[in-house]
Amino acid sequence: MSNEIRTVGILGAGRVGTAIARKALQAGYDVMIATSKPAGEISLIVEIVMPGARAVEAAEAAAADLVIVAVPLHKYRTLNPDMLAGKTVIDVMNYWAPIDGEVDDFENDPRTSSEVIQGYLGAKVVKTFNHIGYHEIESDGREAGDPLRRALALATDHDDARAMVSAFIERLGFDPVDAGPLSAGRAYQPGTRIFNGAYNEAQLGQLLKEAPDAAAA
């Protein structure tokens, strides 16, 4: 199967989802947006907030070459695993108990939140875009080689998904830095140095090497 991305399906129309949608549209992707509401109910807001994107039903968004899950994390069980099994899925969500409250699914599981999501969906999950502010997704993208170009970490257990998402990150204007397996996403969860800062490729690579949880996971 080709790793080339033509269509991007985004599940969720919050701040992160809409920011990625606008950036992906600028990069030339065909972008589809779905929420828990029927497509007809969100078509106008999609046209206004993400001109060029298409409001669709969840099943159509899930059929895209690349799917981005950007729903509130506590609502992850509203996602249909039958639609996403085997798909390459970017998880932009974060579990941040001090802000969002404790969720038993994540408090009582030694796995990272993305590993829990992968187990539920049966998808090839890639954790990225979770350690950059939604407004920075649009403002910080730069051409390759720009000395101010920002780097984004990605973690996954699947090599084909890693290649696909790395290409997507590059096309949106960032340098992808491979953190390793999905469990290594622990190194840039909320509260970590990576989560709280912005780094170039060399800096981010060094921080990932220094992260003890990532190395031990």
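Distance check: L172 CG to D140 CG gives 12.0 Å after rounding to the nearest 0.5 Å. In this structure, I194 CD1 and L207 CG are separated by 5.0 Å, a value rounded to the nearest 0.5 Å. To the nearest 0.5 Å, atoms CG (L208) and CG (D178) are separated by 9.0 Å. Between atom CE of residue M32 and atom CD of residue E60 there is a gap of 5.5 Å, rounded to the nearest 0.5 Å.
Here the side chain of D157 pairs no donor or acceptor atom with the backbone of P181 at under 3.5 angstrom. Although no hydrogens or angles enter the test, the distance criterion places a donor-acceptor pair under 3.5 Å between the side chain of Q203 and the main chain of N200. Judged by distance alone, the side chain of Y134 and the main-chain N or O of G14 form no donor-acceptor pair under 3.5 Å. Looking only at distances, no side-chain donor or acceptor of D30 sits under 3.5 Å from a matching main-chain atom of R6. Of the possible polar contacts, none joining the T112 side chain to the S183 backbone as a donor-acceptor pair under 3.5 Å is found. No donor-acceptor pair under 3.5 Å is formed between the side chain of T156 and the backbone N or O of L182. Between the side chain of R15 and the main chain of H135, no donor-acceptor pair closer than 3.5 Å is present. Checked by atom type and distance alone, the side chain of N130 never pairs as donor or acceptor with a backbone atom of Q189 at under 3.5 Å. Side-chain atoms of R54 do not come within 3.5 Å of backbone N or O of V46 as any donor-acceptor pair. Listed for the K127 side chain is no donor-acceptor partner under 3.5 Å among the backbone atoms of A184.
Within 6.0 Å of atom CD in E47, 12 or fewer heavy atoms from other residues, nucleotides or ligands are found, so the atom counts as exposed in its surroundings. When the shell of 6.0 Å around CZ of R142 is examined, it contains more than 12 heavy atoms from other residues, nucleotides or ligands. Around atom CD of E107, more than 12 heavy atoms belonging to other residues, nucleotides or ligands sit under 6.0 Å away.
Remark: aromatic rings of Y76 and F106 are close, center separation under 6.0 Å.
Relative ring orientation between F129 and F168 is described as perpendicular, the plane-to-plane angle rising above 60° on a 0-90° scale split at 30° and 60°.
Using a 4.5 Å heavy-atom threshold, the side chains of V31 and M50 count as separate. Inter-residue side-chain proximity for T78 and S36 is flagged as unmet; no heavy-atom pair is nearer than 4.5 Å. Between K124 and M164 the shortest side-chain heavy-atom distance does not fall below 4.5 Å.
Contact between S166 and L154 at its shortest, heavy atoms only, is OG-CD1, 3.5 Å. Nearest heavy-atom pair, T35 versus A13, reported as atom, atom and distance to 0.1 Å: CG2-CB, 3.7 Å. When all heavy atoms are compared, the tightest approach of G101 to Y95 is O-CE1, 3.8 Å. Here the closest heavy-atom approach between residue I10 and residue G17 is recorded as CD1-O, 3.6 Å. Summarising the geometry of E57 relative to A39, their closest heavy-atom pair is OE2-N, 3.0 Å, with the distance given to 0.1 Å. Nearest heavy-atom pair across R186 and T192 is O-CG2, 3.7 Å.
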Intermediate values then yes/no, side chain to side chain contact (heavy atoms under 4.5 Å, CB included), D105 and R77 | CA-CA 10 Å; D105 287 13; R77 288 188 179 275; 3.1 Å; yes
Could you walk me through whether L84 and L11 pass the side chain to side chain contact (heavy atoms under 4.5 Å, CB included) check?
-> CA-CA 11 Å; L84 295 169; L11 299 175; 4.1 Å; yes
Give the C-alpha distance, both sets of side-chain angles, the deciding distance and a yes or no for side chain to side chain contact (heavy atoms under 4.5 Å, CB included) between N94 and H131.
-> CA-CA 9 Å; N94 283 303; H131 61 99; over 6 Å; no
Begin with the C-alpha distance, continue with both residues' side-chain angles, and end with the deciding distance and a verdict on side chain to side chain contact (heavy atoms under 4.5 Å, CB included) for I117 and V69.
-> CA-CA 10 Å; I117 299 301; V69 172; 5.7 Å; no
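At a threshold of 4.5 Å between side-chain heavy atoms, the hydrophobic network of Ile, Leu, Val, Met, Phe, Trp and Tyr places I90 and M93 in two separate groups. The hydrophobic clustering, which links ILVMFWY residues whose side-chain heavy atoms are closer than 4.5 Å, places L25 and I68 together. Cluster annotation: I20 and V49 are assigned to the same hydrophobic cluster (Ile/Leu/Val/Met/Phe/Trp/Tyr, side-chain heavy-atom contacts under 4.5 Å, transitive). Clustering ILVMFWY residues whenever any of their side-chain heavy atoms sit less than 4.5 angstrom apart, transitively, puts L121 in the very cluster that holds V103. Hydrophobic clustering (side-chain heavy atoms under 4.5 Å, transitive across Ile, Leu, Val, Met, Phe, Trp, Tyr) groups F174 together with V8.
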